[in-house]
Number of protein chains: 2
Amino acid sequence: MADIPSYKQRKVITIGVVSELTGLSERQIRYYEERKLIFPERAPKGNRKYSFADVEQLIDIANKREEGVQTYEIRQDMLRAERKKEKRMRRDLLRGEINARFGIQKE
Amino acid sequence: MADIPSYKQRKVITIGVVSELTGLSERQIRYYEERKLIFPERAPKGNRKYSFADVEQLIDIANKREEGVQTYEIRQDMLRAERKKEKRMRRDLLRGEINARFGIQKE
DNA sequence: CGTGTAAGGAATTCTGACACG
DNA sequence: CGTGTAAGGAATTCTGACACG
């Protein structure tokens, strides 16, 4: 009923709740931000706000950390994945434009 | 990828954020709880926690209040809607059981 | 009835730093 | 490197109450 809610992306969760949800300490969560693994928004007075997507991301990070992966490695993997994703999106966008101009063809 | 996230129902938002999201004062939000229009969970130390569904509910309440509808009326409407919904669910549940026993029939 | 506000206390969050390793 | 902790301050939240209407 609302306009594309996308609750998953909405940054509304405080660090205390994120800590409960992930089992990570607030210290850890702030540190991962320092290492650019996570990007909360800030409320007007400076409080960090996280989304459910961030919570999932933190859980992934926690799992990798348990396996001994360093934050630097995790960041590199993230950047690689992101580049891959952008490449895919550019490709899909291009395909969409071609279809728009020349019509949809089967196969 | 997670197990039926249902982010919409998860009670993780503090009253301050709900206030920003809805435009209602914290006083109003607490009052609507007192009038049994909204049911936040409580964190271990007593802080209220709301879901996105609660936020939507509050926006509906705010709209009705602007139209001059009293909280008592809003509550009655809610109870009526809930009874209707339960009736529907019982009916659907029953239908499901019948189908499970006698198979799905077309039309 | 519905909402604002001041009151006092308790819990939250923030930053920068020291510690250990 | 990754995380814990004590420190001090600022912002948040809570409850019960008085106010107005």
Interatomic distance, A:Arg95 atom CZ to A:Ile98 atom CD1 [nearest 0.5 angstrom]
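It is 8.5 Å, given to the nearest 0.5 Å.
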
Do [X] and [Y] sit within salt-bridge range, that is, some charged N less than 4.0 Å from a carboxylate O?
X	Y	result
B:Lys64	B:Glu73	no
B:Lys36	B:Glu82	no
A:Arg30	A:Glu26	yes

Take the protein atom [atom1] of [X] and the nucleotide atom [atom2] of [N], then report the distance between them rounded to whole Å.
X	N	atom1	atom2	value
A:Arg30	C:dT13	CZ	P	8 Å
B:Glu33	D:dG16	CD	P	12 Å
A:Glu41	C:dC14	CD	P	14 Å
B:Lys45	D:dT12	NZ	P	18 Å
B:Glu20	D:dT13	CD	C1'	14 Å
B:Asn47	C:dG9	CG	C1'	13 Å

Could you check whether any side-chain heavy atom of A:Arg42 comes within less than 4.5 Å of a side-chain heavy atom of A:Lys49, counting everything from C-beta outward?
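Counting from C-beta outward, A:Arg42 and A:Lys49 never come under 4.5 Å.
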
Compare all side-chain heavy atoms of B:Tyr32 with those of B:Arg65 and state whether any distance is below 4.5 angstrom.
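Yes, close enough: below the 4.5 Å cut-off.
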
Counting only heavy atoms not in A:Tyr72, do more than 12 sit closer than 6.0 Å to its OH atom?
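12 or below, so no.
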
In terms of heavy-atom contacts, does CZ of B:Arg91 have more than 12 from other residues, nucleotides or ligands at under 6.0 Å?
yes

Using the 3.5 Å cut-off, write out each protein N or O paired with an N or O of nucleotides 2-4 of chain C and the distance between them.
| residue | atom | partner | partner atom | Å |
| --- | --- | --- | --- | --- |
| C:dG2 | OP1 | B:Thr71 | N | 2.7 |
| C:dG2 | OP1 | B:Thr71 | OG1 | 3.1 |
| C:dG2 | OP2 | B:Tyr31 | OH | 2.7 |
| C:dG2 | OP2 | B:Arg35 | NH1 | 2.7 |
| C:dG2 | OP2 | B:Thr71 | OG1 | 2.6 |
| C:dG2 | O3' | B:Arg65 | NH2 | 3.2 |
| C:dT3 | OP1 | B:Gln28 | NE2 | 3.2 |
| C:dT3 | OP1 | B:Tyr32 | OH | 3.1 |
| C:dT3 | OP2 | B:Tyr32 | OH | 2.8 |
| C:dT3 | O4 | B:Arg27 | NH2 | 3.0 |
| C:dG4 | OP2 | B:Ser25 | OG | 2.6 |
| C:dG4 | N7 | B:Arg27 | NE | 3.2 |
| C:dG4 | O6 | B:Arg27 | NH2 | 3.1 |

Output field dot_bracket for DNA chain C (Watson-Crick or G-U, both distances under 3.5 Å, | for other-strand pairs) contains .||||.||.|.|.||.||||.

Looking only at side-chain N and O atoms, does B:Thr14 come under 4.0 Å of OP1 or OP2 in C:dT12?
no

